[in-house]
Amino acid sequence: MSDLKIIRDRLRDFDKIERLLESIGCEYIKEEQRGSLITAQLPEKYNSPNKRSVQVKMNTSLSSVIRSRGDFSGGSIFDLISYIHFDKRGEEELTKSLYKAKEYICGLFGWNEFMKGDK
């Protein structure tokens, strides 16, 4: 099983999405649809009044969207972190920052076992 899948499973199974979103500056984080969706407002720097703009589906891939941003129509939880926290834009930049997002998530939760090996 790949590290990314294990990390996604841990985020979902241990209810870590709310803490992750909070750590990157999102506000008004809440569960909806009987826990199958987590919504939040973008960090203050985005000047978005939409309190449900950031959405993470609690499915196996943790699909994510930012409803108020046309340049992020969907992606993984790692793409979401790269977009919001590391200000990455476009598919190429998001792909290149995958390791950085993984490193951020693992550092936040102390999952150091995933940080071995080559970048």
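As a basis for the values below, the full set of heavy atoms in this structure was taken, side chains included, without hydrogen atoms, waters or symmetry mates. Keep in mind that what you see is a predicted model, and the values were worked out from it rather than measured.
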Next item on the list: Please round to the nearest 0.5 Å and tell me the distance separating atom OG of S76 and atom CG of L80.
Entry: 8.0 Å
Check: Same hydrophobic cluster for I66 and L37, using side-chain heavy-atom links shorter than 4.5 Å among ILVMFWY?
Finding: no
Next item on the list: Show your working on side-chain hydrogen bond (donor to acceptor under 3.5 Å, both in side chains) between T39 and E32 and close with a plain yes or no.
Entry: CA-CA 7 Å; T39 63; E32 294 185 8; 3.1 Å; yes
Checklist line | same_hphob_cluster(M58, I29) at 4.5 Å side-chain heavy-atom cutoff | finding: yes
Check: With hydrophobic residues grouped by side-chain heavy-atom distances under 4.5 Å, do L11 and I24 end up in a single group?
Finding: yes
Item checked: Within 6.0 angstrom of K57 NZ, more than 12 heavy atoms from elsewhere -> no
Next item on the list: Apply the test side-chain hydrogen bond (donor to acceptor under 3.5 Å, both in side chains) to residues R69 and Y46: give CA-CA distance (whole Å), side-chain angles for both, the deciding distance (0.1 Å), then the verdict.
Entry: CA-CA 10 Å; R69 305 290 297 192; Y46 289 94; over 6 Å; no
Next item on the list: State whether Y28 and K51 meet the cation-pi test: NZ (Lys) or CZ (Arg) under 6.0 Å from the six-membered ring centroid, and within 45° of the perpendicular axis.
Entry: yes
Item checked: Distance, nearest 0.5 Å, that separates OG of S23 from CD1 of I84 -> 10.0 Å
Note to self: Between D9 and R12 (salt bridge meaning N to carboxylate O under 4.0 Å), is one present in this structure?
What the structure shows: yes
Note to self: Starting from V65, can I reach L20 by hopping between I/L/V/M/F/W/Y residues whose side chains sit under 4.5 Å apart?
What the structure shows: no
Item checked: Spacing of M115 atom CE and K102 atom NZ [to the nearest 0.5 Å] -> 5.5 Å
Checklist line | Co-membership, hydrophobic cluster, residues I105 and L98, 4.5 Å side-chain | finding: yes
Next item on the list: Taking all non-hydrogen atoms of both residues into account, name the closest pair between K88 and S97 and its distance.
Entry: CG-OG, 3.6 Å
